[in-house]
There are 2 protein chains.
Amino acid sequence: MARPRKPLLSRDRIVTAALALVDAEGLAAVSTRRLAAELGVSGPSLYNHFRTKDEILDAVADTVVGQVDLSMFATADGDRPDWPEALLAWGRSYRAALTAHPNIVPFLAQGPGRRPAGLRQADAVFGGMVEAGWPPAHATRIGAMMRYFVAGSALGSFARGFVGDPGVYDPADYPHLGQAHLLPEHQRRVDEGAFEAGLRALVDGLALQYQRLRDGEPVT
Amino acid sequence: MARPRKPLLSRDRIVTAALALVDAEGLAAVSTRRLAAELGVSGPSLYNHFRTKDEILDAVADTVVGQVDLSMFATADGDRPDWPEALLAWGRSYRAALTAHPNIVPFLAQGPGRRPAGLRQADAVFGGMVEAGWPPAHATRIGAMMRYFVAGSALGSFARGFVGDPGVYDPADYPHLGQAHLLPEHQRRVDEGAFEAGLRALVDGLALQYQRLRDGEPVT
DNA sequence: ACCTGAACACCGTTCAAGT
DNA sequence: ACCTGAACACCGTTCAAGT
């Protein structure tokens with residue numbers, strides 16, 4: 001075939017196919033040869049559009065993070081934004097974007113923040129918190145801790161870890177896990193409940209800290 | 001050589017060598033051939049002791065999680081344990097265990113909770129929280145949310161993501177990231193500060209919830 | 001039981017060759 | 001510029017063969 005007059009591939013087509021493959025069959029299913037086959041080309045063709053496989057996955061990760069809603073940090077001028085509400089809304093949107101594509105999360109979570117969508121997100125959160133009255137050092141920390149929590153919650157399902165077999169949980173070994181084998185069926189409920197409760201606890205705790213800051217008390 | 005009179009390998013030796021290799025050269029450096037070479041045997045030998053490579057990494061992950069201190073949940077009978085202090089101490093020990101071996105964290109964080117050390121940990125936390133007066137459903141959630149936060153914090157360094165090159169952060173794109181290129185040098189400080197602040201916020205928020213529970217107020 | 005080399009079906013990536 | 005097949009140096013895993 002050699003070079004066609006109209007390119008068969010584009011970065012966009014590759015990223016779309018890669019995301020579909022990750023979603024359908026997992027991160028391990030994405031090999032350059034397999035992905036190329038999915039696109040009807042041969043393996044090395046991809047290297048005309050991306051320098052490495054990791055660069056492809058970076059682009060996939062970026063489109064996923066790009067789905068996160070950041071509008072809650074863009075407030076009308078002069079308004080003090082309601083930062084606790086903004087954090088809650090952002091946290092939920094962030095988690096929703098990741099859990100929509102759970103198989104890419106392990107790659108996404110370790111990867112560098114160099115990806116544009118991640119930077120835009122860090123920028124928006126930082127700006128929103130500073131505008132709300134948080135000192136810059138605190139604003140940085142808030143962005144980081146939220147990322148920790150959301151990424152951790154999307155990464156390893158807590159409940160998914162427990163298998164359905166009661167025999168695994170010998171009460172002699174694990175005195176409190178007697179009902180643990182029931183967890184898989186409640187999996188999503190447990191994970192979502194834990195996320196929601198943790199998100200609220202985090203924001204409530206930050207509100208306490210904010211209050212102490214306002215009152216001029218020393219804060220660590 | 002064939003079979004030696006004294007086995008050359010053992011599960012322990014393999015796990016120790018694998019952890020050393022992961023620490024020294026990263027997760028990607030661990031191939032069965034490379035690991036076997038490190039142990040002075042040929043690749044397939046490992047399959048006499050583990051069924052798959054993932055099983056080896058599971059064992060590595062388990063020894064890392066096994067380093068977490070859980071003693072704060074074992075209280076003298078009759079005592080109501082100081083659960084906020086216990087969560088703080090556990091969270092710090094948990095994070096310390098993971099950050100001591102950062103390269104295994106991506107594997108560890110996604111993997112199943114089937115690993116014994118992870119189960120022991122879930123059991124201890126659940127037991128400790130229930131003993132402190134938390135309803136079982138809440139105790140489960142607390143274990144999960146703490147895991148989210150700690151795993152997330154050990155997994156992707158927030159600060160590490162920012163590269164040292166100021167040119168990357170065009171103020172037109174990221175109006176608030178002007179100083180972001182300074183972050184790498186403060187990397188550990190930022191990550192540890194965010195972890196510590198987040199941990200306190202989380203526990204503070206839980207204390208509020210606990211108070212509401214005691215007062216008989218409805219809690220989501 | 002526990003090690004070996006050979007073999008199978010894969011990888012990511014490079015490169016010269018084609019248009 | 002953009003695709004191809006061939007090639008390189010790898011993978012994880014299976015298996016028959018050795019003691």
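Bear in mind that the values here come from a model prediction, so they are computed numbers and not experimental data. The figures that follow rest on heavy atoms only: side chains count, while hydrogens, waters and symmetry mates do not.
A:R51 places its CZ atom 18 Å from the P atom of C:dG12, with the value rounded to the nearest Å. Distance A:I14 CD1 to D:dC2 P: 11 Å, rounded to the nearest Å. Look at CD1 on A:I56: it is 14 Å from P on C:dC11, rounded to the nearest Å. Atom P of nucleotide D:dT19 and atom CG of B:N48 are separated by 17 Å, given to the nearest angstrom. If you take CZ of A:R11 and C1' of D:dC2, they are 15 Å apart, rounded to a whole angstrom. Look at CZ on B:R13: it is 14 Å from C1' on C:dC2, rounded to the nearest Å. Rounding to whole angstrom units, CG of residue A:L46 and P of C:dT14 are separated by 13 Å. If you measure from atom NZ of A:K53 to atom C1' of D:dC10, you get 14 Å, rounded to the nearest angstrom.
Partners of B:P106 under the side chain to side chain contact (heavy atoms under 4.5 Å, CB included) rule, at least two apart in sequence or in another chain, are A:Q110, B:L155.
Taking 4.0 Å as the cut-off between side-chain N and carboxylate O, B:E196 and A:R141 do not count as a salt-bridged pair.
For the OP1/OP2 pair of C:dT4 and a distance below 4.0 Å, the side-chain nitrogens and oxygens of B:S45 include at least one atom meeting the criterion. For the pair B:H49 and C:dA1, the criterion of a side-chain N or O lying under 4.0 Å from OP1 or OP2 is not met. For the pair A:S31 and C:dC11, the criterion of a side-chain N or O lying under 4.0 Å from OP1 or OP2 is met. Between A:S42 and D:dC3 there is no side-chain N or O to OP1 or OP2 distance below 4.0 Å.
For residues 58-70 of chain A, every residue pair satisfying the side-chain hydrogen bond (donor to acceptor under 3.5 Å, both in side chains) rule, not counting sequence neighbours, is listed here: A:D58-A:R115, A:D69-A:S71.
Here C:dT14 is the nucleotide among C:dG5, C:dC3, C:dT14 with the atom lying nearest to any side-chain atom of A:P44. Comparing atom distances between the B:T32 side chain and each of C:dG12, D:dC3, D:dT13 picks out D:dT13 as nearest.
Using the six-membered ring where Trp is involved, B:W83 and B:W134 have ring planes that are perpendicular, over 60° apart on the 30 and 60° scheme.
Annotation: the span from A:N103 atom CG to A:L19 atom CG amounts to 10.0 Å, rounded to 0.5 Å.
Base engagement by B:R33 is indicated by at least one non-hydrogen atom pair under 4.0 Å involving a base atom.
Both the sub-6.0 Å distance and the 45° axial angle are not jointly satisfied by B:R120 relative to the ring of A:Y174.
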Test side-chain contact (heavy atoms from CB on, under 4.5 Å) on B:V22 and B:H101 and set out the steps.
CA-CA 8 Å; B:V22 167; B:H101 306 280; over 6 Å; no

Could you provide the dot-bracket string of DNA chain C, using ( ) for intrastrand pairs, [ ] for crossing pairs and | for bases paired to another strand, with Watson-Crick or G-U pairs below 3.5 Å?
||.|||||...|||||.||

